[in-house]
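Predicted model only: the values in this text are computed from it and were never measured. Only this structure's heavy atoms are used, side chains among them; waters, hydrogens and symmetry mates stay out. Just so we're on the same page: letters track the sequence lines, and every chain starts at 1.
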Amino acid sequence: EKDFQVNQTKPEFEGDYTVVMFSLVKSLKLSPDAIGNQLGDHLTKNYPQLFSRYNIIKGFLNLTVSDAYWVDLLNKNHNDTCYGKKEMNGNKVMVEYSSPNTNKPLHLGHLRNNFLGWSVAEILKASGYEVIKSCIVNDRGIHICKSMIAWQLFANGATPESTGVKGDHFVGEYYVKFNDAYKLEVDKLVSEGVDKATAEKEAPIMKATQQMLLDWEAGKPEVMELWKRMNSWVYAGFDITYKRIGSDFDITYYESNTYLLGKDIVKQGLDKKVFYQKEDSSIWIDLTADGLDEKIVQRKDGTSVYITQDIGLALQKYEQYRINQNIYVIGNEQNYHMKVLQLICRKLGIPNADNIHHLSYGMVELTTGKMKSREGTVVDADDLVDEMVATSKQHTEELGKVKDFTEAELEELYDTIGLGAMKFYLLRVDPKKTMVFNPEESIDFHGFTGPFVQYTYARIKSILRKMANTPMTNDPMTNDLLKLEKDLIIAAEQYPAMIGQACNEHNPSVIANYVFHLAKTFNSLYTEHSIANAETEEKKQLRLQLASITANIIKSGMSLLGIKVPERM
RNA sequence: GGUCCGGUAGCUCAGUUGGAUAGAGCAUCAGCCUUCUAAGCUGAGGGUCAUUGGUUCGAAUCCAAUCCGGAUCACCA
């Protein structure tokens, strides 16, 4: 026996699985049809309980799996709410995601990052990994000082409390104010005859910001106090957003704590001759042999650069948790940086450097082009969530199916549907691809959407409630599955493999596509064939089991995407 | 310019360890609610899989070249 190529049979041919004969022709020196006949005879004769019949068309052997096998599979799994999930395998993975800056609120791009990170963590858990979710907060640096300077200049002591503005948005406004004031100063200098590059350096507000950064690094008390105060406003805002969208972290790292990490490593790297020092005493690594460039790892003044703290943090993560795998959910604009990071870690001999994985995702663009904060075309995360929830409220009210819900139940339902639509919309696309955010399409609740899948679930639960008193026989066997029934069993059978694929590829869109396909398959059966009024008792039992396993998989699969499902909608 | 990623229906996306007539959703058109939730179902139209060449029984998928789009190549983070 050797490896065969086995595919699912195309719907226009009879059969469930197809074996392609051409690859065997050379080694066996027989015609494709002759091989097909032999193999088909062999399989149906020796595994009659598995394969009931076969046919051969133009070198393709189509095998039909017996109905008894499918029904048996369904009998075994229809009640298992953990169906498809694996036992713990003893491996630890860290998923670092979200990683915000504390100078502005979260936007649409962050949402893709947060949903991806959360979902990949859930998929890893379902595949048997122990997962530690982490977040590195970029809470220091020149951009943070910009908001601080602007606040000192323009706020007159205003605070989020005094203005009623959410903390992260409040600070973000001063970041914008900085840029406006800076631009005015530069324009003024240019109009006075200063060249642009000099003007950008010499603008008073920029000089003040740079001085503030030095003061911060020196630990000047009033600067530290302002920094802490403004960051605390931002964190209060982030907490609200994270809670709303369902992001959480087992460990949060702050750059203000980690930016000095890696200094020892630089020294060790020098000793190991992985790094070298130039005459101006700056320290470098030469990666030209690996097809990359020379990269600086420490400035001539002894201060560390971004990549240095990344190396330090990678080592700290390992020492703290002994992780086997280290996943970074970061946009694809940092592909080069991450490549360099992994390479340096490898050369330094940092444990598990080979298991650093950059989950690189594409940018989210608007139908009108790219998001640019300067042009005010950024889609704010909080605004977007509000809009989605409001839309789900409007749709729900129009349909008028849940008039008996309490106010609290309604609020919960609107959140479930609105967030479900948004998460599904952002996760259904392959992460590595640049995607387009179309506002009209994103609030569509029909077709390939979260609410479609949620609706299928609610429908099934409605049936199961109504038939709660119907006795379930143990093993309803039937040997004449309808096509739609068989299609649904086959779809259900694929779930474990889909989790495996999503895990290997770190790709939640596999689950989104699958769960949609499953829901669609169920809906076809649902409209064509009654469950409560099935032709026979056996059929009723069979379809109840089908409904049950479909609901379980939908709930489980959607939870892997971070999406809840409502009992009614 | 170097490196990397992408180009599939009007739009948004699946499909790439090479397999039969390339699939969904949206949009358009035509049907289906006295029976389990119509946020649903059924059907129709819509394609030079960027282009050209190559590899072979067979290419959207692999290779080469070209065109187009994006990212990156900071003593920024």
Audit row: Y254(A), W227(A), ring-ring contact (aromatic ring centres under 6.0 Å, His included) steps and yes/no: CA-CA 13 Å; Y254(A) 297 91; W227(A) 173 71; 9.0 Å; no
Is there a donor and acceptor pair closer than 3.5 Å between the side chain of D280(A) and the base of rC75(B)? yes
Could a donor-acceptor pair under 3.5 angstrom be found where the side chain of T18(A) meets the base of rA20(B)? yes
Just checking [X]: base, sugar-phosphate only, or nothing, at a heavy-atom cut-off of under 4.0 Å?
| X | answer |
| --- | --- |
| Y306(A) | base |
| T396(A) | base |
| S524(A) | sugar-phosphate |
| Q334(A) | base |
| I417(A) | base |
| F448(A) | sugar-phosphate |
| D310(A) | nothing |
| M467(A) | nothing |

Output the rounded distance in Å from [atom1] ([X]) to [atom2] ([N]).
| X | N | atom1 | atom2 | answer |
| --- | --- | --- | --- | --- |
| E333(A) | rU3(B) | CD | C1' | 17 Å |
| F522(A) | rG40(B) | CZ | P | 14 Å |
| K146(A) | rA77(B) | NZ | C1' | 11 Å |
| H529(A) | rU35(B) | NE2 | P | 18 Å |
| E365(A) | rG7(B) | CD | P | 14 Å |
| I554(A) | rU37(B) | CD1 | C1' | 14 Å |
| E528(A) | rG31(B) | CD | C1' | 14 Å |
| K432(A) | rG6(B) | NZ | P | 6 Å |

Does the side chain of [X] get closer than 4.0 angstrom to OP1 or OP2 of [N] through an N or O atom?
| X | N | result |
| --- | --- | --- |
| S360(A) | rC5(B) | no |
| K300(A) | rC75(B) | no |
| K433(A) | rG7(B) | yes |
| K466(A) | rU37(B) | yes |
| H446(A) | rG40(B) | yes |
| S462(A) | rU37(B) | yes |
| K520(A) | rG25(B) | yes |
| R459(A) | rA38(B) | yes |
| R299(A) | rC76(B) | yes |

With P as the reference atom in both, quote the distance from rG19(B) to rC33(B) in angstrom, rounded to an integer.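 The answer is 42 Å between these two P atoms.
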Can you tell me, in whole Å, how much space there is between the C1' of rG47(B) and that of rA22(B)? 9 Å
Which residue, Y526(A), F522(A), Y455(A), forms the side chain to side chain contact (heavy atoms under 4.5 Å, CB included) with I460(A)?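 Single side chain to side chain contact (heavy atoms under 4.5 Å, CB included) partner of I460(A) among Y526(A), F522(A), Y455(A): F522(A).
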Of L313(A), D139(A), L261(A), which meets side chain to side chain contact (heavy atoms under 4.5 Å, CB included) against Y253(A)?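 Running side chain to side chain contact (heavy atoms under 4.5 Å, CB included) over L313(A), D139(A), L261(A) with Y253(A) returns exactly one hit, L313(A).
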Where the side chain of [X] is concerned, which of [options] is the nearest nucleotide?
| X | options | answer |
| --- | --- | --- |
| K339(A) | rA20(B), rU3(B), rA77(B) | rU3(B) |
| F452(A) | rA14(B), rC41(B), rG25(B) | rC41(B) |
| D444(A) | rU37(B), rC73(B), rC26(B) | rC26(B) |

Donor + acceptor pair across side chains of T9(A), D16(A) (<3.5 Å): no
Aromatic stack [X]/[N]: centroid gap under 5.5 Å, interplanar angle under 30°:
| X | N | result |
| --- | --- | --- |
| F13(A) | rA20(B) | yes |
| F60(A) | rA20(B) | yes |
| Y336(A) | rA71(B) | no |

Check RNA chain B against residues 102-117 of chain A and give the residues with a non-hydrogen atom under 4.0 Å, in numerical order.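 Contacting residues: none.
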K432(A) versus N332(A): any side-chain heavy-atom pair under 4.5 Å? no
Kindly list each side-chain donor-acceptor pair under 3.5 angstrom involving residues 546-555 of chain A, sequence neighbours excluded, with atom names and distances?
from, atom 1, to, atom 2, distance (Å)
S548(A), OG, H78(A), O, 3.0
T550(A), OG1, L546(A), O, 2.7
N552(A), ND2, H78(A), O, 3.3

Cation-aromatic face contact K58(A)/F13(A), 6.0 Å, 45 degrees: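 Ring-cation test returns no.
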State whether F405(A) and R568(A) meet the cation-pi test: NZ (Lys) or CZ (Arg) under 6.0 Å from the six-membered ring centroid, and within 45° of the perpendicular axis. no
Tell me which one of Y457(A), Y425(A), F516(A) satisfies ring pair (Phe, Tyr, Trp, His ring centres under 6.0 Å) with F452(A). F516(A)
Backbone N or O of G362(A) within a donor-acceptor pair of the R112(A) side chain at under 3.5 Å? yes
RNA chain B stem ranges, 3 or more consecutive Watson-Crick or G-U pairs under 3.5 angstrom: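 Consecutive-pair runs (3 or more) involving RNA chain B: B:1-7 with B:67-73, B:10-13 with B:23-26, B:28-32 with B:40-44, B:50-54 with B:62-66.
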